[in-house]
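What's counted below: heavy atoms across the whole structure, side chains too, no hydrogens, waters or symmetry copies.
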Amino acid sequence: MEKENRVTIIAEAGVNYNGDIELAKKMVKVAKEAGADIVKFQSGKPKLDISVYAKKAEYQKVTTGADESQLEMAEKLMLPDEVYPELVACCEEEGIEFLSTPFDIPSVDLLVSVGQRRWKIPSGEITSLPLLIYIAKRKEPVILSTGMATMDEIATAINIFREYGTEDITVLQCNSDYPTPYEDANIRAMLTIRDAFGVKVGYSDHTNGIIVPVAATALGASVIEKHFTLDKNMPGPDQKASMDPDELKAFVKAVRDTEKALGTGIKVPGASELRNKDVVRKSIVASRPILKGELLTEENLTWKRPGDGISAMRWFEVLGTSAVKDFEYDEQIVLE
């Protein structure tokens with residue numbers, strides 16, 4: 001279970017391992033070293049998920065060329081079923097949670113067989129009713145991405161999960177363009193979703209840099225997901241829009257630092273600043289030499305640093321009293 005109020009960081013390997021189990025295992029280690037909580041892959045049977053007539057998205061044409069079909073591209077990217085136990089074992093050895101997004105029912109069964117008990121629904125499957133029902137019946141935690149979705153479509157998906165007994169639902173605001181322009185990130189939609197449906201919310205980020213996930217953290221995201229790669233120059237549709245290992249570390253650190261900075265919301269002096277309190281606050285002092293018994297007035301008093309004497313907030317309490325001793329210029333006033 002996640003610590004209360006701690007953002008769950010998902011390092012999205014996606015298909016950036018290009019169907020190579022050794023690259024996938026390297027990505028597990030990179031995600032763990034960066035401090036992510038979960039490393040996430042994608043699982044699917046391309047011929048069950050993509051028709052021979054499906055065209056590539058425009059960003060896929062840019063990153064992988066237009067000569068092959070979307071199906072041909074996908075068939076090069078997926079891991080074979082038989083290596084999944086090896087990949088899960090690698091995650092267990094590294095101490096990071098394994099998660100994979102299923103794109104079809106046989107892939108759900110495969111992931112169940114290797115022990116997956118949390119489910120990530122990608123944006124493209126939010127309208128795949130049979131898949132949603134199949135996962136919903138498991139009554140296990142669900143993370144739902146909402147790229148391209150309307151509020152009505154989100155409501156329908158959430159209602160399906162609830163109807164079949166799934167109550168632990170986290171909904172991620174998302175934009176399904178790679179990379180997403182900042183003006184389309186719409187982080188505040190996360191709050192709209194939270195308030196409308198009473199669910200935990202987060203952000204699945206496809207923008208460049210770390211500004212958006214940091215802002216989402218500040219707005220209350222419970223989950224942040226972002227793609228990473230071993231090398232942006234590797235072949236594949238998502239490599240160039242992904243973070244390299246150094247950027248992944250910086251991203252995780254930025255989210256964790258933002259969490260620290262958010263604090264409890266209770267206004268009290270911070271432990272780190274208390275040592276400065278006497279240095280920067282002020283005390284009542286003599287503005288000129290004062291003789292014992294002399295009346296203390298605005299003409300012979302002022303207030304100056306440090307603040308370890310009588311606070312200037314007691315100004316009117318001090319005025320009109322008699323000096324209990326001789327005071328030198330700048331000496332702190334005492335009353336007894």
Run the side-chain hydrogen bond (donor to acceptor under 3.5 Å, both in side chains) test against Thr258 and tell me which residues pass, sequence neighbours left out.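 Not a single residue meets the side-chain hydrogen bond (donor to acceptor under 3.5 Å, both in side chains) criterion with Thr258.
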
Donor-acceptor under 3.5 Å ([X] side chain, [Y] main chain):
X      : Y      : result
Glu259 : Val7   : yes
Ser107 : Pro102 : no
Glu94  : Cys91  : no
Arg117 : Val112 : yes
Ser322 : Glu294 : no
Glu72  : Ser69  : yes
Thr166 : Arg162 : no
Asp104 : Leu48  : no
Asn18  : Asp20  : no
Thr180 : Asn175 : yes

List the atom of [X], the atom of [Y], and the distance in Å for their closest heavy-atom pair.
X      : Y      : value
Leu262 : Thr217 : CD1-O, 3.5 Å
Leu230 : Met27  : CG-CG, 3.7 Å
Val252 : Ala36  : CG2-N, 4.2 Å
Asp177 : Pro181 : OD2-CD, 4.3 Å
Leu172 : Thr146 : O-OG1, 2.7 Å
Ala241 : Pro179 : CB-N, 4.3 Å

Answer whether the closest heavy-atom distance between the side chains of [X] and [Y] falls below 4.5 Å.
X      : Y      : value
Phe228 : Glu247 : no
Val142 : Thr170 : no
Gln116 : Ser100 : yes
Leu87  : Val28  : yes
Lys240 : Asn233 : yes
Trp119 : Leu111 : yes
Leu77  : Pro237 : yes
Glu86  : Lys25  : yes

Chi angles and distances behind the side chain to side chain contact (heavy atoms under 4.5 Å, CB included) call for Ile310, Val318: CA-CA 9 Å; Ile310 295 176; Val318 173; 4.1 Å; yes

Is it the case that more than 12 heavy atoms not belonging to [X] sit under 6.0 Å from its [atom1] atom?
X      : atom1 : answer
Lys232 : NZ    : yes
Met313 : CE    : no
Glu328 : CD    : no
Lys304 : NZ    : yes

[Y] reachable from [X] in the ILVMFWY side-chain graph, under 4.5 Å edges:
X      : Y      : answer
Leu71  : Leu79  : no
Ile284 : Val334 : yes
Ile105 : Ile133 : yes
Val324 : Val285 : no
Leu301 : Leu335 : yes

Flag for [Y]-[X]: side-chain donor and acceptor within less than 3.5 Å:
X      : Y      : value
Asn16  : Ser242 : yes
Ser43  : Tyr84  : yes
Thr150 : Asp152 : no
Asp308 : Gln332 : yes

In terms of the angle between their ring planes, are His227 and His206 parallel, tilted or perpendicular, with boundaries placed at 30° and 60°? tilted

Stepwise side chain to side chain contact (heavy atoms under 4.5 Å, CB included) test for Trp315 and Glu298: CA-CA 9 Å; Trp315 180 251; Glu298 292 184 351; 3.9 Å; yes

Face-on cation placement of Lys137 at Tyr134 ring, 6.0 Å and 45° thresholds: no

Distance (rounded to the nearest 0.5 Å) between [X] [atom1] and [Y] [atom2]:
X      : Y      : atom1 : atom2 : answer
Phe251 : Ile9   : CZ    : CD1   : 5.0 Å
Thr302 : Arg288 : OG1   : CZ    : 12.5 Å
Ile169 : Ile154 : CD1   : CD1   : 12.0 Å
Phe103 : Lys45  : CZ    : NZ    : 13.0 Å
Glu75  : Ile50  : CD    : CD1   : 8.0 Å
Asp168 : Lys139 : CG    : NZ    : 14.5 Å

Taking it one step at a time, do Lys120 and Ser145 satisfy side chain to side chain contact (heavy atoms under 4.5 Å, CB included)? CA-CA 8 Å; Lys120 171 67 199 301; Ser145 275; 3.0 Å; yes

Lys56 with Glu68: basic N within carboxylate O range, under 4.0 Å: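 A salt bridge links Lys56 with Glu68.
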
Please report the C-alpha distance between Thr101 and Gln42 in whole Å, then the side-chain angles of each, then the deciding distance to 0.1 Å, and finally whether the side chain to side chain donor-acceptor pair (under 3.5 Å) criterion is met. CA-CA 5 Å; Thr101 293; Gln42 294 179 12; 5.9 Å; no

Residue of the set Arg118, Lys32, Arg256 for which salt bridge (charged side-chain N to carboxylate O under 4.0 Å, His left out) holds with Asp37: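 The option that passes is Arg256.
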
Show me, pair by pair, the donor-acceptor contacts under 3.5 angstrom made by side chains of residues 182-198, not counting sequence neighbours?
| unit_1 | atom_1 | unit_2 | atom_2 | d |
| --- | --- | --- | --- | --- |
| Tyr182 | OH | Asn208 | O | 2.7 |

Evaluate Ile135 against Val108 for side chain to side chain contact (heavy atoms under 4.5 Å, CB included), listing each step before the verdict. CA-CA 8 Å; Ile135 292 173; Val108 174; 3.9 Å; yes

Side chain to side chain contact (heavy atoms under 4.5 Å, CB included) partners for Thr156, two or more places apart: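 Side chain to side chain contact (heavy atoms under 4.5 Å, CB included) list for Thr156, sorted by chain: Ile160.
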
